[in-house]
Amino acid sequence: MEHLLLGLQTAVQLENVLAVFAGVFVGTGIGVIPGIGPLAAIALLMPVTFSMDPTTGIVLLAGVYYGAEYGGSKSSILLNLPGTPAAAITCLEGYPMAQSGRASRALFLSTFASFIGGLIGMLVVAILTPAIVSVAQAFGPAEYFALIILCFVAVSTIGGDDPKKNFVMVSLGALVATVGLDIYDGAERYTLGSEHLLEGIHLVPVAMGLFGFSEIIMSIRRNEHGQIKHRVDFKSMLPTLTEWKRSAWPMVRGAASGCFFGPLPGTGPSMATILSYAVEKKLSKRPEEFGKGAVEGITAPESSNNAAAQSAFIPTLSLGIPGTPTMAVMIGALMVHGIVPGPLLMSSEPVLFWGLVASFGIGNLAALIINVPLIGLWVSFLNVSYRLLYPAVIILISIGCYSLQNSVTDVIVMLVVGVVAYGLRSQGFAPAPLLIGFVLSPMLEENFRRAMIMGQGDATFFVGNAISAATHIITVALLVSLIFRKPFNAFLERRIRKNLGADV
Amino acid sequence: MVNRLSWIFLTVLGAAAAYIALTTLSMGTPINIGSAVYPLILSGVIFFISLYSVLFGGREESTKVDIRGFAGVVGAVVAFIVTIEFIGIIPSVVLSMVIAYMGQLKGGYRFFFVYACLFAVGTWLLFNLALGLPLPAFGFY
C-alpha cells in the first residue's frame with residue numbers, strides 16, 4: 001500500500017500529470033489515424049524524452065501507447081477501418097451501429113469500456129508484478145535463457161502467420177543486434193569498418209524502419225477514404241439504460257481476457273479482442289444481433305484491448321522480457337534512460353516503477369476526459385486526407401532518427417531496414433518477430449555465455465533446475481504442436497463450414 | 001517467383017553472415033564461448049530454414065508491390081539524407097515532402113507546396129528552438 005502511495009505521489013507531480021495528458025492526447029490522435037500505429041509513435045517520440053526525467057519520459061511514452069488503443073476504435077466505428085490492429089474486431093459491431101445512426105453511442109461505449117479495461121489492467125499490474133518479481137529474483141542465466149527461447153518460439157508459433165517465416169525473422173532480428181563490439185572480447189562484429197556501427201545499431205531506426213517506413217508505403221493506397229458522413233456530437237453520446245445493462249458484464253469478461261493474453265508473448269491485445277468477441281457471441285441471448293450492431297461486440301473487445309495493453313507491462317517490468325513489439329520499444333526506451341528492466345527494477349527504481357503504475361490510473365482518466373468531450377476533434381482528424389499526413393510522418397521519422405546522434409547514419413539504417421522490411425512484408429513476413437528478436441538478443445547471448453561459464457562448459461546446465469527444465473518442456477511442446485497444426489486447422493475449418501452450412 | 005526470391009535473399013544473407021563469423025571471429029572454448037558462436041547459430045538458422053524453403057517451399061501468395069509509393073517514400077528519405085547537412089532543415093524538409101507526395105496519384109501540388117513550407121517551419125521551430133537540435137534553418141551544418 002505504501003508503494004502505491006509513493007507511486008501516486010510521483011504520478012500527481014505536475015510534470016508527470018502533464019506528460020500523461022500529452023502522451024494520451026498524442027496517442028489518441030495517432031490511434032485515430034489508420035496507418036501509423038502506437039509503435040511508430042513511441043519510437044518517434046522517444047528522442048523527445050531523452051532530455052526528460054526518466055519517470056516523466058516513460059510515463060509519456062506509456063500514455064502514447066494506451067492513448068492509441070483508445071483512439072484506434074474511432075476509425076473502426078466511423079470508417080470500418082481499424083486505427084490499430086487490436087481495434088479491427090470493433091469494426092464488426094461498431095460500423096453497423098454507426099450505419100444505424102448510433103455512431104455517438106458506439107464511440108462513448110467503446111471509450112468507457114476501454115476505461116474499465118484499463119483500470120482493471122492497472123490493478124492486475126500492481127498486484128501481479130510484485131508477485132512475479134519475488135519469484136524472478138531467484139532466476140539465473142539458465143532460467144533467463146530458457147525464458148527468452150520460449151518467448152522466441154511463442155512469438156514464432158502462436159498466431160496465424162507462417163512459423164517458418166517467423167523463426168527466420170526472430171533470428172534475423174537477433175543477428176542484426178549482434179552488430180557492434182562483442183561484450184566479452186571486444187571483437188568487431190559485422191561493422192563493415194564503420195565507426196558509427198561500433199556501438200551497435202540503435203533500436204529507434206530499426207523500429208521506425210520496420211513499423212513506420214514500411215507501414216507507410218503499405219498504407220498509401222489503402223488509407224484513402226471518403227469523408228465521415230455520420231453525425232457525431234457530445235449530446236447524443238449517452239447510452240440507454242438497456243445498453244448499459246448489456247455492456248456491464250461483457251466489459252468485465254473482456255478485461256479478464258485482456259489480462260490473461262496481455263502478458264503472454266506472441267498473443268497480445270489482438271488475440272484477446274478476438275477471443276472476447278467470440279465469448280460474447282456465444283454467451284449472448286441475442287446472437288442474431290451480432291454483425292448488426294450488438295453493443296456487447298464493442299464493449300467486450302474494447303475493454304479487453306486496453307486491459308491487455310496495460311497487463312503487457314507485467315513481463316516487461318518484472319522480467320525485462322517483452323511480449324509484444326510495442327513493449328520491446330518500451331524496453332529500449334527504459335534502457336536509453338539507463339534503466340534495466342527486470343526483477344531488480346522494483347527495488348532499484350521504486351519511484352519509476354510505482355509512479356508508472358499509478359500513472360496508468362491517471363492516464364485512463366485523462367483518456368476518458370480527452371476522448372469524450374473532444375470527440376468532435378477526433379472525428380475531424382479522420383477527415384484529414386492521408387496523402388497530406390504521410391509525407392509529414394516520413395519527415396518526423398527521418399528527423400527522429402537523425403536526432404539520436406545528430407548524424408545521417410541512423411537515417412540510413414532506418415532506410416535499409418525499412419526497404420528490407422517492406423520487401424519481406426509484401427511476401428508475407430511479419431515484422432513483429434524481428435523487433436522482438438532484436439531487443440532480446442543481447443540478453444539471450446549474455447545469459448547463454450554466462451550459463452556456459454557457470455556450467456563449466458557443460459550444456460546440461462541449461463536443464464539442471466526445475467524452472468528452466470519446465471520452461472524448455474513448454475518450448476518443446478509448442479514446437480511439437482506445429483506438427484499437429486495443419487490437421488487441427490483442417491478439422492476446425494471443416495467444423496466451421498459444417499456449422500455455416502447448418503445456419504444457411 | 002517473387003516469394004522464392006525473398007527466400008533466396010535470406011539464404012544468401014544467412015550464408016554471408018555465417019562466413020563472416022567463421023572467418024573473422026573466434027569460436028572460443030565451451031567454457032569461454034567466443035564471439036563467433038552466437039551469430040553463427042543465428043545465421044545457421046536463417047540459412048537452413050531459407051534453403052529448405054527455396055528447395056521445397058510451394059507457391060505462396062504475395063502482395064502486389066506499390067512501386068510508385070515505394071519510390072516516393074524511399075526518394076524522400078534519400079533526399080533528406082543527402083541534403084539535411086548541406087542546405088538546412090527547411091529546404092530539405094520541403095524537398096523531401098514533395099518527393100514523398102509524388103508517391104500517390106491524387107491532389108494538386110500548389111496547395112501541398114504551401115503546406116510543406118509551413119510544416120518545414122514548424123519542424124524547425126520544434127526541433128531546433130524547442131528541443132535544441134543543432135539544425136540551421138538554411139545553409140551548411
Side-chain angles (χ1 to χ4, degrees), chain A residues 47-48 51 162 164-165 167-168 171-172 174-175 178 182 184-190 213 216-218 220-221 224 385 387-388 390-392 394-399 402-403 406 408 411-412 414-415 418-420 422-429 441 444-445 448-449 452-453 456-459, chain B residues 2-3 6 9-10 13 17 20-21 24-26 28-35 38-39 42-43 45-46 49-50 52-53 60-66 69-70 72-74 76-78 80-81 84-85 89 93 96-98 100-101 103-104 106-107 112 115-116 119 123 127 131-134:
Chain A
V48 176
S51 56
D162 182 352
K164 221 166 51 235
K165 290 178 176 171
F167 275 121
V168 168
S171 308
L172 187 61
L175 186 66
T178 62
D182 177 47
Y184 281 78
D185 62 14
E188 283 184 33
R189 295 198 292 202
Y190 307 115
F213 182 93
I216 283 170
I217 302 173
M218 299 192 102
I220 290 176
R221 297 274 168 88
E224 280 306 333
S385 173
R387 68 172 190 271
L388 296 178
Y390 84 82
I394 279 290
I395 293 302
L396 292 175
I397 286 174
S398 302
I399 299 179
Y402 184 88
S403 66
N406 293 334
V408 291
V411 193
I412 295 169
M414 184 275 289
L415 179 67
V419 168
V420 173
Y422 176 66
L424 291 174
R425 283 181 82 169
S426 64
Q427 304 307 313
F429 289 81
S441 182
L444 178 67
E445 185 181 12
F448 168 61
R449 289 166 82 169
M452 288 303 278
I453 293 169
Q456 295 290 305
D458 182 1
Chain B
V2 180
N3 199 275
S6 59
F9 165 75
L10 288 164
L13 189 84
I20 294 171
T24 64
L25 302 168
S26 94
T29 61
I31 296 177
N32 191 12
I33 296 282
S35 53
Y38 182 67
L42 296 170
S43 47
V45 171
I46 296 169
I49 295 179
S50 305
Y52 172 85
S53 302
E60 292 172 68
E61 290 286 317
S62 62
T63 317
K64 200 179 166 194
V65 176
D66 177 3
F70 179 78
V73 174
V74 171
V77 180
V78 171
F80 180 86
I81 291 167
I84 186 70
E85 290 179 349
I89 189 169
V93 165
S96 303
M97 282 181 79
V98 170
Y101 189 67
Q104 51 82 51
K106 292 178 187 169
F112 186 79
Y115 162 69
F119 187 82
T123 49
F127 286 96
L131 297 174
L133 201 67

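Bear in mind the structure is a predicted one, so any value in this text is a computation, not a measurement. Below, chains carry the letters A, B, ... as their sequence lines are ordered, and counting in each starts from 1.
- Of the listed residues Ser35(B), Pro30(B), Ala100(B), the one with more heavy-atom pairs under 4.5 angstrom with chain A than any other is Ser35(B).
- Not one N or O on the side chain of Tyr38(B) forms a donor-acceptor pair closer than 3.5 Å with the backbone of Leu444(A).
- Across Gln456(A), Glu188(A), Arg189(A), the residue that shares the most heavy-atom pairs under 4.5 angstrom with chain B is Arg189(A).
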So Phe80(B) and Val408(A), side-chain contact (heavy atoms from CB on, under 4.5 Å) or not? Walk me through it.
CA-CA 9 Å; Phe80(B) 180 86; Val408(A) 291; 5.7 Å; no
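- When side chains are defined from C-beta on, Tyr402(A) does not count as touching Phe127(B), because their heavy atoms never get closer than 4.5 Å.
- The distance from the OG atom of Ser53(B) to the CG atom of Asp162(A) is 7.5 Å, given to the nearest 0.5 Å.
- Note: Leu415(A) leads Ile397(A), Asp458(A), Val420(A), Leu415(A) in heavy-atom pairs under 4.5 Å with chain B.
- Phe112(B) has its side chain within reach of Pro391(A): a pair of non-hydrogen atoms, C-beta onward, lies under 4.5 Å apart.
- Rounded to the nearest 0.5 angstrom, Met452(A) CE and Asn32(B) CG are separated by 10.5 Å.
- Between the side chain of Arg387(A) and the main chain of Gln104(B), no donor-acceptor pair closer than 3.5 Å is present.
- For chain A, the nearby parts of Ala21(B) are the backbone and the side chain; heavy atoms of each come within less than 4.5 Å.
- The shortest side-chain heavy-atom distance between Asp185(A) and Leu25(B) does not fall under the 4.5 Å cut-off.
- Across all non-hydrogen atoms, the minimal contact from Glu85(B) to Asn406(A) is OE2-O, 4.1 Å.
- Between the side chain of Tyr115(B) and the main chain of Leu388(A), a donor-acceptor pair closer than 3.5 Å is present.
- The most heavy-atom pairs under 4.5 Å with chain B, out of Ala187(A), Ala392(A), Ala174(A), come from Ala392(A).
- Counting heavy-atom pairs closer than 4.5 Å to chain B, the top residue among Leu396(A), Leu175(A), Thr178(A) is Leu175(A).
- Looking at Ile394(A), only its side chain comes within 4.5 Å of chain B, counting heavy atoms on both sides.
- Among residues two or more places apart in sequence or in another chain, the side-chain hydrogen bond (donor to acceptor under 3.5 Å, both in side chains) test is passed with Arg425(A) by Ser214(A), Glu215(A).
- With a 4.5 Å cut-off on non-hydrogen atoms, Leu424(A) touches chain B through its side chain but not through its backbone.
- Residue Thr24(B) does not touch chain A at all, counting heavy-atom pairs closer than 4.5 Å.
- With a 4.5 angstrom heavy-atom cutoff, Leu10(B) touches chain A only via side-chain atoms.
- Between Ile33(B) and Arg449(A), the closest heavy-atom pair is O-NH2, 3.1 Å.
- Looking at Val411(A) and Ile84(B), their side chains never come closer than 4.5 Å, going by heavy atoms from C-beta outward.
- Taking CD1 from Ile81(B) and OG from Ser398(A), the interatomic distance works out to 7.0 Å, rounded to the nearest 0.5 Å.
- When heavy atoms are compared at a cutoff of 4.5 Å, Tyr101(B) approaches chain A by way of both its backbone and its side chain.
- Between chain B and the options Tyr190(A), Phe448(A), Tyr184(A), heavy-atom pairs under 4.5 Å are most frequent for Tyr190(A).
- When heavy atoms are compared at a cutoff of 4.5 Å, Thr29(B) does not approach chain A at all.
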